[in-house]
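No experiment lies behind these values; they were computed from the predicted model shown.
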Amino acid sequence: MSQDSSQPPSPPPGGGTGAQPSGGDMPLWGDQWSGAAPAAGGLGPPPSGSSGWASGGVTFAGVLMVVNGCLHFLQGISAIAKDDVYARVNDYIYRINLTGWGWILLMLGVISAVVGWGILRGAGWARLTGILIASLNMIFQFMFLPYAPIWAILVIAIDVFVIWALASYRPEARQPR
């Protein structure tokens with residue numbers, strides 16, 4: 001079917017509405033600079049390890065680890081100083097004395113804050129150590145669920161993000177500016 005020259009041209013296939021830098025038939029959400037078509041899922045390739053999302057995620061993960069470490073430190077002090085801060089759970093399989101939990105949380109908080117600081121400083125050892133500490137923290141928070149369920153679930157979700165951010169970041173793939 002031919003188009004009348006007095007009518008504006010139809011938009012390119014894929015829903016684009018204007019000229020694209022790498023070809024007129026590629027959707028705007030594809031990789032416009034390399035000419036690659038979007039992935040079968042629709043919105044193009046996921047962020048690479050050197051993207052702004054990954055590097056920003058690592059910075060945010062470092063901040064979260066420092067803050068989480070400080071909060072664990074305070075949580076540990078409150079459990080050590082006063083055993084009746086948290087409700088006692090009688091029928092939980094992972095029941096530990098709250099003073100013991102306090103010492104665990106206190107040490108984990110100090111280590112987490114130091115590792116978070118190392119991540120913010122760009123230390124090579126901090127990424128792997130951060131993944132390990134966040135994984136341990138997830139396990140400990142699962143065991144702490146009956147004492148503070150909402151807080152434990154929130155911290156587990158934060159640890160999942162920290163692990164993702166640290167695992168997906170590839171500092172050697174960064175492009176110099």
Side-chain angles (χ1 to χ4, degrees), residues 14-15 22 26-79 86 92-94 96 100-177:
S22 65
M26 189 184 67
L28 285 175
W29 56 83
D31 187 3
Q32 296 176 349
W33 306 113
S34 69
L43 297 179
S48 68
S50 62
S51 73
W53 280 98
S55 61
V58 167
T59 302
F60 188 52
V63 170
L64 284 176
M65 287 194 73
V66 170
V67 170
N68 209 7
C70 293
L71 291 174
H72 280 4
F73 182 80
L74 296 173
Q75 189 179 12
I77 288 175
S78 68
Y86 298 104
Y92 191 57
I93 194 166
Y94 303 116
I96 295 178
W101 272 118
W103 282 108
I104 289 171
L105 289 172
L106 185 81
M107 290 184 292
L108 190 63
V110 169
I111 294 169
S112 182
V114 168
V115 170
W117 181 253
I119 290 169
L120 291 174
R121 302 274 306 169
W125 57 268
R127 268 187 55 228
L128 184 60
T129 308
I131 292 171
L132 177 69
I133 294 299
S135 300
L136 282 174
N137 191 33
M138 284 176 64
I139 294 167
F140 288 141
Q141 290 300 320
F142 174 77
M143 295 169 66
F144 201 69
L145 267 170
Y147 298 103
I150 295 172
W151 177 253
I153 290 171
L154 181 67
V155 171
I156 288 171
I158 289 171
D159 288 331
V160 167
F161 172 78
V162 167
I163 291 169
W164 170 83
L166 294 176
S168 66
Y169 182 59
R170 304 283 181 253
E172 63 274 357
R174 283 195 303 197
Q175 303 282 335
R177 291 185 181 190

**OP:** Can you measure from CG (Asn137) to CG (Asn68) and round to the nearest 0.5 angstrom?
**Re:** 5.5 Å
Original post:
So how far is it from Asp159 CG to Phe140 CZ, rounded to the nearest 0.5 Å?
Top reply: 11.5 Å
Ignoring hydrogens, what is the shortest heavy-atom contact between [X] and [Y]? Give both atom names and the distance.
| X | Y | value |
| --- | --- | --- |
| Val66 | Trp117 | CG2-N, 3.5 Å |
| Leu71 | Trp151 | CD1-CH2, 3.6 Å |
| Ala126 | Gly118 | CB-C, 3.5 Å |
| Ile119 | Arg127 | CG1-N, 4.5 Å |
| Met65 | Ser112 | O-OG, 3.2 Å |
| Ala79 | Gly102 | CB-CA, 3.6 Å |

Under 4.5 Å between any side-chain heavy atoms of [X] and [Y], yes or no?
| X | Y | value |
| --- | --- | --- |
| Phe144 | Gln75 | yes |
| Leu154 | Ile150 | no |
| Ser135 | Ile163 | yes |
| Val110 | His72 | no |
| Val162 | Ile133 | no |
| Ile131 | Trp164 | no |

Original post:
Quick one: which of Leu105, Ile153, Ile158 gives a side chain to side chain contact (heavy atoms under 4.5 Å, CB included) with Gln141?
Top reply: Leu105
Original post:
Do side-chain atoms of Thr129 reach the backbone of Val115 as a donor and acceptor pair under 3.5 angstrom?
Top reply: no
